[in-house]
2 protein chains.
Amino acid sequence: MNSGVPASGAAGEPRWLDAEEQKAWRAWLYSSMLLQDRLDRELTQETGISHAYYEILVQLSEAPGRMLRMSQLADRSLSSRSRLSHAVSRLEERGWVRRQVCEDDGRGQLAVLTDEGFTALEAAAPVHVEGVRSHLFDQLSPEQVAAMRSIGETLLRHLVPR
Amino acid sequence: MNSGVPASGAAGEPRWLDAEEQKAWRAWLYSSMLLQDRLDRELTQETGISHAYYEILVQLSEAPGRMLRMSQLADRSLSSRSRLSHAVSRLEERGWVRRQVCEDDGRGQLAVLTDEGFTALEAAAPVHVEGVRSHLFDQLSPEQVAAMRSIGETLLRHLVPR
DNA sequence: GCGGAATAGTCAAGCCTTCAACTACGCTAC
DNA sequence: GTAGCGTAGTTGAAGGCTTGACTATTCCGC
């Protein structure tokens with residue numbers, strides 16, 4: 001531990017960003033914020049489904065039996081337990097998801113995608129994919145797409161626990 | 001208009017993502033969400049300043065006279081007018097920002113960074129820069145950093161109005 | 001079995017963001 | 001000068017998210 005790098009917030013001269021690093025950081029930050037915002041807005045406007053809800057529905061649709069434990073669903077949709085619990089309640093009100101007690105574990109709940117939910121997802125998917133294509137893939141060269149993936153995977157290895 | 005590409009949400013076979021594109025898209029999306037979340041949490045925990053507020057303070061500190069029109073500040077901090085107005089009110093309560101009527105334009109307001117605000121920013125900056133360095137630059141090769149910048153700038157040209 | 005620790009999920013309070021008015025001022029033309 | 005329109009910024013209500021507390025259940029060691 002503590003091999004030269006100070007613990008975050010600890011003393012030691014800050015390793016400031018130089019001008020080039022600043023530009024790289026800002027370009028990355030702003031572009032990812034704006035892209036996420038744009039995709040979320042377009043999806044919400046045209047389908048009534050926010051990107052967060054869309055992710056939940058996608059994860060359920062890809063799971064065996066179209067159902068997942070609440071905590072697994074939370075992990076896969078990058079959501080906290082609490083946030084997911086609220087979100088599923090709202091999706092339940094729309095009739096797109098239904099809760100079901102878990103056989104194996106009395107503590108657990110299963111979130112199950114209903115047929116109505118699957119239909120709603122099918123309707124939203126083309127809008128989502130068109131957004132990703134037009135605002136992301138259509139803008140980048142094949143080399144940039146490859147680099148984007150490599151950067152993303154590198155960062156994920158660092159950021160994802162375990 | 002309508003040169004072969006359907007207007008968003010319109011008919012026409014969706015241009016689905018293939019498996020490689022899926023992986024690139026997911027890697028990018030998840031890594032950027034997780035990184036922003038991580039930086040925001042660390043900054044908030046260690047300094048009491050969220051990343052959104054930090055951005056506002058940075059923009060003010062870099063402006064001439066450490067002041068900006070509300071709408072310019074909103075644009076630069078990727079914030080809606082309304083959101084910024086609320087945020088400035090809370091920063092005012094902390095004594096870090098102060099509102100001032102604009103001489104040239106009676107409709108306008110200037111947000112001015114106070115000395116206390118500047119001091120708070122100075123205290124938070126090392127924490128922020130250490131986060132960006134350790135979670136981003138330390139993880140990537142120089143080639144990846146260059147690619148990240150090029151991708152970000154390409155996307156910004158597409159996403160930013162004007 | 002049984003007591004304590006860990007896990008799954010929910011809930012309430014408070015903060016943040018969005019949306020849709022709304023006020024106030026400036027600009028232009030008549 | 002004043003009507004009409006556009007711009008700058010604020011406000012309040014509604015809903016989403018986070019935090020921390022809380023319940024219920026399971027796991028583990030004895």
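Quick note on labels: first sequence line is chain A, next is B, and so on, each numbered from 1. All heavy atoms count here, side chains included; hydrogens, waters and symmetry mates do not.
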How about [X] and [Y]: does a side-chain donor come under 3.5 Å of a side-chain acceptor?
| X | Y | value |
| --- | --- | --- |
| A/Glu42 | A/His135 | yes |
| A/Ser89 | A/Arg99 | yes |
| A/Tyr53 | A/Arg90 | yes |

inquiry  = With heavy atoms of chain B within less than 4.0 Å as the criterion, where does contact along DNA chain C begin and end?
reply    = C/dC16 to C/dG26
message = Ring-plane angle category for A/His51 and B/Trp25, please: parallel below 30°, perpendicular beyond 60°, tilted otherwise.
response =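 The arrangement is perpendicular - the two ring planes meet at more than 60°.
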Tell me the interatomic distance from [X], atom [atom1], to [N], atom [atom2], rounded to whole angstroms.
| X | N | atom1 | atom2 | value |
| --- | --- | --- | --- | --- |
| B/Arg90 | D/dG12 | CZ | P | 13 Å |
| A/Asp104 | D/dT25 | CG | C1' | 13 Å |
| B/His51 | D/dC17 | NE2 | P | 20 Å |
| A/Glu103 | D/dT26 | CD | P | 12 Å |

Rounded to the nearest 0.5 Å, what's the gap from [atom1] on [X] to [atom2] on [Y]? Could you check?
| X | Y | atom1 | atom2 | result |
| --- | --- | --- | --- | --- |
| A/Arg94 | A/Leu91 | CZ | CG | 6.5 Å |
| A/Gln139 | A/Arg133 | CD | CZ | 12.0 Å |
| A/Arg66 | A/Leu60 | CZ | CG | 10.5 Å |

Under 3.5 Å, which protein N or O atoms sit close to an N or O of nucleotides 8-11 of chain D? Give each pair with its distance.
| residue | atom | partner | partner atom | Å |
| --- | --- | --- | --- | --- |
| D/dA8 | O3' | B/Arg69 | NH2 | 3.2 |
| D/dG9 | OP1 | B/Arg69 | NE | 3.1 |
| D/dG9 | OP1 | B/Met70 | N | 3.3 |
| D/dG9 | OP1 | B/Gln109 | N | 3.3 |
| D/dG9 | OP1 | B/Gln109 | O | 3.2 |
| D/dG9 | OP2 | B/Ser71 | N | 2.8 |
| D/dG9 | OP2 | B/Ser71 | OG | 2.4 |
| D/dT10 | OP1 | B/Arg99 | NH1 | 2.3 |
| D/dT10 | OP2 | B/Ser85 | OG | 2.9 |
| D/dT10 | OP2 | B/Arg99 | NH1 | 3.2 |
| D/dT10 | O5' | B/Ser85 | OG | 3.3 |
| D/dT11 | O4 | B/Ser82 | OG | 3.0 |

5' precedence on DNA chain C between B/Gly106 and B/Ala87 (nearest-nucleotide basis) = B/Ala87
key: Joint cluster assignment, B/Phe137 & B/Trp28, ILVMFWY side-chain distance < 4.5 Å   =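 Yes, it is one cluster - the side chains of B/Phe137 and B/Trp28 are joined through contacts under 4.5 Å.
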